[in-house]
Structures are given as structure tokens and as C-alpha cells.
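Order of appearance sets the numbers: ligands from 1, and atoms from 1 within every ligand. Worth saying up front: this structure is predicted, and the values here are computed from it rather than measured. Atoms considered below: every heavy atom in the structure, side chains included; atoms not considered: hydrogens, waters and symmetry mates.
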Amino acid sequence: MTVTVSFEFFPPKTPELEESLWRSIRRLEPLKPTFVSVTYGAGGSTQERTRNTVKKILDTTKLTPVAHLTCVGSSKDQIKSIAQEYWDSGIKHILALRGDPPADIKNFQPHPEGYHHASELVTGLKTIADFDIAVAAFPEGHPESKDLESDTINLKKKIDAGASKAITQFFFDNDLFYKLRDRCRKHKVNCELIPGIMPVSNFVQMQNFAKGAGASVPTWLAKQFEGLEEDPDTRKLVAATIAAKQVEDLVKNGVEHIHFYTLNRADLSFAICHMLGLRTN
Ligand SMILES: Cc1cc2nc3c(=O)[nH]c(=O)nc-3n(C[C@H](O)[C@H](O)[C@H](O)COP(=O)(O)OP(=O)(O)OC[C@H]3O[C@@H](n4cnc5c(N)ncnc54)[C@H](O)[C@@H]3O)c2cc1C
């Protein structure tokens with residue numbers, strides 16, 4: 001079985017970061033990912049940069065870009081005009097999200113004339129054009145969900161509204177993913193369920209991401225990075241080994257597509273893809 005892959009990038013803030021993003025895109029492009037996705041900053045803060053990056057990918061590469069789009073801070077009309085512009089310029093794939101509030105605000109507040117939940121955004125997008133829509137899934141449950149069952153029911157709502165695939169938050173214990181897959185089967189969530197993998201080269205930074213994302217960091221993982229704070233080269237080798245083992249187990253258990261959170265760096269994702277058997281020719 002050939003495994004397929006996809007990569008997530010974030011829109012760069014400075015010319016230096018722009019250069020490093022494009023080096024990464026060019027390095028990963030020959031692996032022929034099914035799609036590459038571009039995030040939308042918390043609070044909708046990177047709207048313009050996301051649009052520019054997605055359009056540049058469409059115009060200058062052979063890749064299929066997926067634009068992340070959130071409900072935060074936008075009215076339904078504003079979302080409509082962004083989505084229409086995407087469709088008209090050939091961007092037909094969207095990752096539809098509720099989004100998180102900006103860092104200084106605790107709880108999500110919908111725009112008074114906006115969408116309250118990702119499922120509503122999916123419905124709204126489908127009335128604009130026949131986008132191929134992905135949504136978010138959470139192996140450990142979204143932090144605001146009452147329990148895992150209601151979390152799965154919310155995922156079902158998003159799929160029933162018209163999404164075709166769900167990409168998970170990152171996780172390190174594959175059983176969490178397998179249990180989510182079982183819950184999806186039980187609730188008849190009919191979609192492709194794609195595991196999101198975060199190769200961890202900076203353990204401290206990843207711990208901060210995990211806190212906000214409701215992802216747990218197992219003790220065994222922390223132990224693997226113990227004492228390597230000042231040793232980025234060894235950290236990288238450890239990170240590639242851990243992620244390769246995780247991905248290998250997923251593939252053994254029937255997973256056919258892996259999504260990598262690249263953090264705009266190609267090296268780890270490239271190495272893991274190589275170990276998965278992907279080649280650039
Ligand atoms: C693959 C992936 C990519 C991401 N990319 C981005 C990004 O680019 N930009 C960004 O800002 N964030 C991003 N996020 C984070 C995401 O926006 C947050 O996790 C956000 O808090 C939830 O988004 P959602 O789309 O899952 O929301 P929803 O599906 O709306 O769910 C959010 C919460 O509301 C609850 N809920 C839903 N509907 C109802 C209802 N009718 N009544 C009561 N409760 C309800 C759900 O159970 C859940 O607890 C990403 C997450 C993932 C997994």
C-alpha cells in the first residue's frame with residue numbers, strides 16, 4: 001500500500017520567514033503531497049497573509065493548497081466574500097474551523113453576525129460553492145467538549161454538513177487515534193480521518209502548543225528529550241525516530257494518509273516521508 005501525505009504551513013511574518021517557508025515548500029513538493037494547508041492565525045490575524053500564501057502556492061507550484069478559514073472576528077458576509085474570492089481564483093479546498101480567540105481573550109466570542117461553530121461555517125461555505133471541505137478532529141476531545149461522545153457527535157455534524165475529511169490535532173499515543181476512529185465508526189461519521197503528526201524538534205515549544213490544543217504529552221516523550229535542551233542536533237535525530245515509529249504503527253494499523261505539522265521546516269517531515277517509502281522521482 002502506498003501511503004500519501006500532506007503538509008501544514010503557516011503564513012510567514014517577515015521576509016526571512018518567507019524565504020524559509022519557500023525553501024521548505026520546494027523541498028517537500030517533489031514528494032507529491034496530496035495537498036498542503038496554510039493556517040489562519042488566532043483571532044483571524046493572518047487573513048491577508050494566508051490568502052497571499054495560498055494564492056502563491058496555487059500560482060507557482062503544482063501543489064493543491066488548502067486554505068484554513070475560521071469564524072473568528074468575521075461576519076457571514078465577510079466570510080462569503082473571502083470564500084467567493086478563493087473559489088474565483090481557483091482555490092477549491094478549505095479547512096473550515098471555528099478558530100480560537102486572540103491570546104488576550106479567554107473565551108471564543110462569535111461575531112454578532114457571524115458563525116458560532118465550525119459546522120455552521122461548513123453549511124455556509126457549501127451554499128457559496130462546492131468546496132472540498134476538511135474539518136478538525138480531536139483524539140482527546142476538544143478542550144471545551146463535555147465528553148468524548150459529544151465531541152464525536154460534533155464531528156459528525158461537521159461531516160454531515162458537507163465536509164469530506166477530518167484532520168486531527170496532534171497526539172503522541174496512537175491508541176487515542178484508534179479510539180477516535182472507533183467512535184467515528186460507532187457514530188457513523190463517514191469521512192476520511194487523517195492523523196495530524198507533529199515531529200517534535202523543540203520539546204519546550206511543543207509543550208506550549210499542547211497546552212492550548214488539549215493534547216497530552218506523555219512522560220515517556222518528555223524522558224526522550226531530557227538533557228537535550230542545548231543539543232539541537234541530537235534532538236532532531238530523536239524527533240525523527242519517534243515520529244517515524246509513530247507513523248509506522250499508524251500505517252500498520254490501516255492508516256493511508258498522514259498529515260504533517262511542519263512548522264515551516266522541511267527536514268523532519270522529509271526524513272519521515274523517506275522512511276515511509278516516498279521518493280522524489
Ligand atoms: C487540523 C487543525 C488545524 C487548525 N488550524 C487552525 C488555524 O489555522 N487557525 C486557528 O485559529 N485555529 C486552528 N485550529 C484550532 C481550532 O480552531 C480550535 O481547536 C478551535 O477551538 C475549535 O475549532 P473547531 O473547528 O474544532 O470548532 P467546533 O467544531 O465549532 O467545536 C468547538 C467546540 O464547540 C463545541 N460545539 C460545536 N457546536 C456546538 C453547538 N451547536 N452547541 C454547543 N457546543 C458546540 C464542540 O463540541 C467543541 O467543544 C486547528 C485545529 C486543527 C485540529
So the atoms of ligand 1 within less than 4.0 Å of a heavy atom of Ser145 turn out to be 46 (C), 47 (O), 48 (C), 49 (O)

What I want to know is whether His117 and ligand 1 share at least one N or O pair that is separated by under 3.5 angstrom.
yes

Criterion salt bridge (charged side-chain N to carboxylate O under 4.0 Å, His left out) against Glu18, the qualifying member of Arg23, Lys13, Lys56:
Lys56

Using a strict threshold of under 4.0 Å (side-chain N to carboxylate O), is an ion pair present between Asp59 and Lys55?
no

Looking only at N/O atoms, are Ala136 and ligand 1 under 3.5 Å apart anywhere?
no

Give the numbers and elements of all ligand 1 atoms closer than 4.0 Å to a heavy atom of Tyr261.
1 (C), 2 (C)

By number and element, which atoms of ligand 1 are closer than 4.0 Å to a non-hydrogen atom of Gln169?
53 (C)

If I take atom CD1 from residue Ile91 and atom OG1 from residue Thr64, how far apart are they, to the nearest 0.5 angstrom?
11.0 Å

If we number the atoms of ligand 1 from 1 as shown, the ones under 4.0 Å from a heavy atom of Ile167 are 1 (C), 53 (C)

Could you see which bit of His116 sits under 4.0 Å from ligand 1, with heavy atoms only: side chain, backbone, both or neither?
neither

Quick check for you: to the nearest 0.5 Å, what is the distance between Ile272 atom CD1 and Lys245 atom NZ?
13.0 Å

Quick one: pull up NZ in Lys211 and OG in Ser216 and give me the separation to the nearest 0.5 Å.
14.0 Å

Do the ring centers of Phe108 and His116 come within less than 6.0 Å of each other?
no

Where on His142 is there a heavy atom closer than 4.0 Å to ligand 1, on the side chain, on the backbone, on both, or on neither?
side chain

Pick one of side chain, backbone, both or neither for how Thr39 approaches ligand 1, counting any non-hydrogen atom pair under 4.0 Å.
both

Of the side chain and backbone of Arg98, name the one, both, or neither that has a heavy atom under 4.0 Å from an atom of ligand 1.
both

Heavy-atom nearest neighbour of atom 20 (C) of ligand 1 within options Leu69, Ile153, Leu95, Asp100:
Asp100

With heavy atoms only and a cut-off of under 4.0 Å, state how Phe138 meets ligand 1: side chain, backbone, both or neither.
side chain

Please work out, at 4.0 Å between heavy atoms, whether the side chain, the backbone, both, or neither of Asn154 comes within that distance of ligand 1.
side chain

May I ask you to list the atoms of ligand 1 that are less than 4.0 angstrom from any heavy atom of Thr70?
9 (N), 10 (C), 11 (O)

State, without any angle test, whether His257 and Ser6 hold a side-chain donor-acceptor pair at a distance under 3.5 Å.
yes

Relative to the heavy atoms of Ala118, which atoms of ligand 1 are at a distance of less than 4.0 Å?
25 (O), 27 (O), 28 (P), 29 (O), 30 (O)

Return yes if some donor-acceptor pair links the side-chain N/O of Thr4 with the main-chain N/O of Glu256 below 3.5 Å, else return no.
yes

With respect to Asp151, determine whether any N or O atom, backbone or side chain, lies less than 3.5 Å from an N or O atom of ligand 1.
no

Going by the atom numbers of ligand 1, which of them fall below 4.0 Å from some non-hydrogen atom of Lys157?
41 (N)

Decide whether Glu149 and His187 meet the rule of one side-chain donor and one side-chain acceptor closer than 3.5 Å.
yes

Note: Lys158, heavy atoms under 4.0 Å from ligand 1, region reported as side chain

Side-chain donor-acceptor pair present, His142, Asp151, cut-off under 3.5 Å
no

Between Lys223 and Glu226, does any side-chain N to carboxylate O distance fall below 4.0 Å?
no

